[in-house]
Amino acid sequence: MKSFMPPKRTLMGPGPSDVHTRILEAMARPTLGHLDPAFQTMMEEIKEGLRALFGTSNALTFPVSAPGSAGMETCFVNLVEEGDTVVVVKNGVFGERMRENVVRAGGTAVMVDVEWGKAPDVDEVDRVLGEHPEAGILAFVHAETSTGVRADAEALCAVAKKHDCLTIMDAVTSVGGVPVEIDRWGVDAVYTGSQKCLSCTPGLSPVSFSEAALDRVRERTTPVASWFLDLSLVMAYWDGTGGRTYHHTAPVNPLYGLHEALVMIFEEGLEASYARHARMHKALAAGLESMGITFVVDAANRLPQLNAVRVPEGVDEASVRKHLLDAYDLEIGAGLGPLAGKIWRIGLMGTSARQENVELCITALADGLNRHQKNVDGKKALAAARAVLAA
Ligand SMILES: *Cc1c(COP(=O)(O)O)cnc(C)c1O
């Protein structure tokens, strides 16, 4: 075997996003023991940083040592017990995964099915919650990465409270890219991922739980089915108060990376980060629209960090993506489920949300489309994007 040397790509898909060299350098620092006092000090800083990121004072806020899907599972496996009913809003891939999590935890999922590409209708969710007084939880995806839709999290939480339900929110793609304020909105359990708008390497899933959520966990009559994700056990390691005890070996170096990602986002400022994502999205949209490419989602419900656009008529989407990768070292995402073959998903997440990437994507897509005789004017598209950034 020889050492693996990855090609240098630009990552503009649905995640992972480009990882800043500062984060990679942080991860290359010497490994400490996971109970080393210096490491524990860093863990406390990560917890503080995550609280600021989520907009919460929740004591139980920490990164699960596994990818976003494990953060999702942590929420469901701890909060859902045999016989519980959960109302799940589904408008893409991740709502379906929530349903599977509910069922596997022994619960019943009542689905609110929303057309892919559309935002959840809050009145409809209100109506379904009204029809199911036995439901104890409302689960929804804040930023649906499969479609590029942003849900009105604040309004969904308000209807959940009206019906005495806890809320579980998927914030994997939203955190860092658009405002997330879980205390103000009243989210009870939330999970995100390291590799989207935080621009860290994949494999960590920050989570946070309200006191009401923890009460629900304490009231359980059966043990949590997952040993690894059982909050009562994990807490003994992440909670600094009672003296830390061994639960599992924390992924020490990836946590250095997450720490550096938090340092970077607070250096920039959360508001500035959201504004940068919005600006880069506007520039990209101006360039793509000048080439005749249209968006799947209405402007009002669009995520700046995930641009779902329609593949023009007569274009083989996979061959264009392959050309982008081969000729430009540029990765963009394909459509999933009912949108497979019909859309591209262009990520502007974290470090990837920068002018250089917007320009590369426009240039490369114009070339790709012209190879399909689309006669688009790449220079004009680039000028349209630059005009937005100059304003
Ligand atoms: C990426 C993603 C996940 C899963 O994260 P992994 O790190 O891939 O496990 C969950 N929900 C949403 C909305 C995502 O975009």
Side-chain angles (χ1 to χ4, degrees), residues 50-58 61 68 71-72 74-76 79 86-99 101 111-129 135-193 196-198 205-210 212-213 270-271 273-274 277-278 281 297-306 308 349:
L50 292 178
R51 287 187 190 109
L53 194 63
F54 281 132
T56 186
S57 55
N58 286 343
T61 304
M72 177 188 280
T74 301
C75 293
F76 286 93
L79 289 173
V86 180
V87 172
V88 176
V89 182
K90 173 185 158 188
N91 60 340
V93 165
F94 296 98
E96 174 57 25
R97 289 195 182 176
M98 286 178 152
R99 188 192 66 78
N101 270 271
M111 303 303 288
V112 182
D113 268 299
V114 182
E115 190 187 331
W116 288 45
K118 296 273 187 289
D121 176 348
V122 178
D123 293 335
E124 168 78 357
V125 174
D126 188 9
R127 190 183 61 73
V128 174
L129 285 168
I137 297 174
L138 173 70
F140 65 93
V141 179
H142 186 208
E144 186 39 90
T145 321
S146 59
T147 63
V149 166
R150 174 186 350 199
D152 185 345
E154 185 171 6
L156 289 170
C157 288
V159 293
K161 291 288 167 274
K162 182 178 134 193
H163 294 278
D164 275 330
C165 283
L166 295 180
T167 45
I168 298 178
M169 180 172 90
D170 178 321
V172 176
T173 286
S174 53
V175 164
V178 291
V180 171
E181 293 188 63
I182 70 164
D183 282 4
R184 197 170 66 75
W185 297 345
V187 178
D188 293 292
V190 66
Y191 56 94
T192 186
K196 308 227 175 171
C197 296
L198 296 179
S205 181
V207 294
S208 186
F209 296 87
S210 72
L270 283 179
E271 293 302 324
S273 175
Y274 306 147
H277 283 86
H281 158 72
V297 181
D298 302 345
N301 303 312
R302 240 178 242 171
L303 290 166
Q305 62 270 49
L306 197 288
M349 300 183 185

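Scope of the values below: all heavy atoms of this structure, side chains included, with no hydrogens, waters or symmetry mates.
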Novice: Drop me the distance from E154's CD to R184's CZ, to the nearest 0.5 angstrom.
Specialist: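 CZ of R184 is found 4.5 Å from CD of E154.
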
Novice: What is the minimum heavy-atom distance between L166 and A213, and which atoms define it?
Specialist: CD1-CA, 4.1 Å

Novice: Got a donor-acceptor contact below 3.5 angstrom from the K90 side chain to the R99 backbone?
Specialist: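 Such a contact is absent between K90 side chain and R99 backbone.
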
Novice: So, N91 side chain and K118 main chain: donor-acceptor pair closer than 3.5 Å or not?
Specialist: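 A pair under 3.5 Å: yes.
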
Novice: For D183 and T56, which I'm curious about, is there any donor-acceptor pair between the side chains at under 3.5 Å?
Specialist: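 Result is yes, a qualifying pair exists.
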
Novice: Kindly indicate whether the side chain of H277, heavy atoms from C-beta on, has any atom under 4.5 Å from the side chain of V178.
Specialist: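 No. Closest side-chain heavy atoms not under 4.5 Å.
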
Novice: CD1/I182 to OG/S57 distance, rounded to the nearest 0.5 angstrom?
Specialist: 8.5 Å

Novice: Looking only at atom types and distance, does a side-chain atom of N101 sit under 3.5 Å from a main-chain N or O of R97, one as donor and one as acceptor?
Specialist: yes

Novice: Are the side chain of E124 and the backbone N or O of V112 linked by a donor-acceptor pair below 3.5 Å?
Specialist: no

Novice: What I'd like to find out is whether the side chain of R150 reaches to under 4.5 Å of the side chain of R302, using heavy atoms alone.
Specialist: no

Novice: With rounding to the nearest 0.5 Å, note down the distance linking CG in L138 to CG in D164.
Specialist: 13.0 Å

Novice: Answer whether the closest heavy-atom distance between the side chains of Y191 and D170 falls below 4.5 Å.
Specialist: yes

Novice: Looking only at heavy atoms, which two atoms of A52 and L270 are closest? And how far apart?
Specialist: O-CD1, 3.7 Å

Novice: How far apart are the closest heavy atoms of K161 and G186, and which atoms are they?
Specialist: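 Shortest heavy-atom contact: NZ-O, 3.1 Å.
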
Novice: Could you tell me the separation between the CG atom of D188 and the SG atom of C157, rounded to the nearest 0.5 Å?
Specialist: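 D188 atom CG to C157 atom SG measures 7.5 Å (nearest 0.5 Å).
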
Novice: Side chains of M349 and T145: does their closest heavy-atom pair fall under 4.5 Å?
Specialist: yes

Novice: Would you check if the side chain of S146 reaches a backbone N or O of V93 as a donor-acceptor pair within less than 3.5 Å?
Specialist: yes

Novice: Specify the closest pair of heavy atoms between D121 and D123, including all atoms of both residues, with the distance to one decimal.
Specialist: OD1-N, 3.0 Å

Novice: Provide the closest heavy-atom pair for L129 versus V87 in the form atom of the first, atom of the second, distance.
Specialist: CD2-CG2, 3.7 Å

Novice: Where do V114 and V149 land on the side-chain contact (heavy atoms from CB on, under 4.5 Å) test, with the steps shown first?
Specialist: CA-CA 11 Å; V114 182; V149 166; over 6 Å; no

Novice: Can you find a heavy atom in the side chain of I137 that is under 4.5 Å from one in the side chain of F76?
Specialist: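 Contact flag for I137/F76 side chains = no.
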
Novice: Could you tell me whether a side-chain N or O of S205 sits under 3.5 Å from a main-chain N or O of T192, the two making a donor and an acceptor?
Specialist: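 Here the side-chain-to-backbone pair exists.
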
Novice: Taking the side chain as every heavy atom from C-beta outward, state whether L156 and W185 have any atom pair closer than 4.5 Å.
Specialist: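 No, side chains not in contact.
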
Novice: Check whether any side-chain heavy atom of F209 lies under 4.5 Å from a side-chain heavy atom of C75, and answer yes or no.
Specialist: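 Sidechains of C75 and F209: in contact.
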
Novice: Do you know the tightest heavy-atom contact between G95 and V141?
Specialist: N-CG2, 3.8 Å

Novice: Side chains of L53 and L198, heavy atoms from C-beta outward: is any pair under 4.5 Å?
Specialist: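 Side-chain contact under 4.5 Å: yes.
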
Novice: How long is the gap from CG on N301 to CD on E144, to the nearest 0.5 Å?
Specialist: 13.0 Å

